[in-house]
Amino acid sequence: MYGIDISNHQRNIDLTAGKYDFAIIKATEGVSFKDLSFEKFAVQLTGLNKLVGCYHFARPDLHGTTSEMKKEADWFISVVRKAGLLNKAILVLDWETEPMDREDLLNAFILRVEN
């Protein structure tokens with residue numbers, strides 16, 4: 001399977017072109033940022049019958065407690081739900097910001113999304 005990772009940085013991408021099986025769309029970051037192209041991409045990909053994933057860019061550098069990381073998870077879920085993709089899309093966590101070794105924060109986010 002071939003997939004693409006897209007966000008507002010690729011806002012002008014032609015999703016009807018190219019051979020790919022799925023796309024993972026940036027949905028959110030932190031506790032209040034929603035990617036400007038998320039909903040547009042969600043509608044287009046659904047219309048093209050592509051498999052869809054949604055990702056959250058975690059900010060453990062700004063939200064260093066488990067309570068704050070749960071707020072990030074809540075924000076992510078609320079945006080995905082509003083787009084009608086909850087229980088339809090694969091949910092992905094993008095964790096590339098320091099501190100990388102905070103398993104407590106990682107687990108807080110994952111368990112909150114899972115619940």
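Please read all numbers here as calculations on a predicted model, not as lab measurements.
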Exercise. Do any N or O atoms from the side chain of Gln10 and from the backbone of Ile6 form a donor-acceptor pair under 3.5 angstrom?
Worked result: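 Answer holds: no.
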
Problem set entry | Under 3.5 Å: donor-acceptor pair, side chain of Asp94, backbone of Tyr55 |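 Looks like no, no N/O pair under 3.5 Å.
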
Problem set entry | By ring pair (Phe, Tyr, Trp, His ring centres under 6.0 Å) - contacts of Phe41 (at least two apart) |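 Once residues adjacent in sequence are excluded, Phe41 has no partner under the ring pair (Phe, Tyr, Trp, His ring centres under 6.0 Å) criterion.
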
For this session: Mind running salt bridge (Lys or Arg N to Asp or Glu O under 4.0 Å) on Arg112 and Asp74 for me, showing each step along the way?
Result: CA-CA 7 Å; Arg112 185 66 155 222; Asp74 291 342; 2.8 Å; yes

Exercise. Which residues pass the side chain to side chain donor-acceptor pair (under 3.5 Å) test with Gln44, sequence neighbours left out?
Worked result: none

Do [X] and [Y] touch side chain to side chain, with heavy atoms closer than 4.5 Å?
X	Y	value
Trp95	Leu105	yes
Leu48	Tyr20	yes
Ser37	Arg11	yes

Exercise. Hey, are His56 and Glu29 close enough side-chain-wise for a donor-acceptor pair under 3.5 Å?
Worked result: no

For this session: With salt bridge (Lys or Arg N to Asp or Glu O under 4.0 Å) as the test, would you mind laying out the steps for Glu39 and Lys34 before giving the verdict?
Result: CA-CA 9 Å; Glu39 290 166 338; Lys34 179 175 76 171; 3.1 Å; yes

Exercise. Between Lys26 and Phe38, is NZ or CZ placed under 6.0 angstrom from the six-membered ring centre and within 45° of the ring axis?
Worked result: no

Problem set entry | Over 12 non-hydrogen atoms of neighbours within 6.0 angstrom of NZ in Lys82 | no

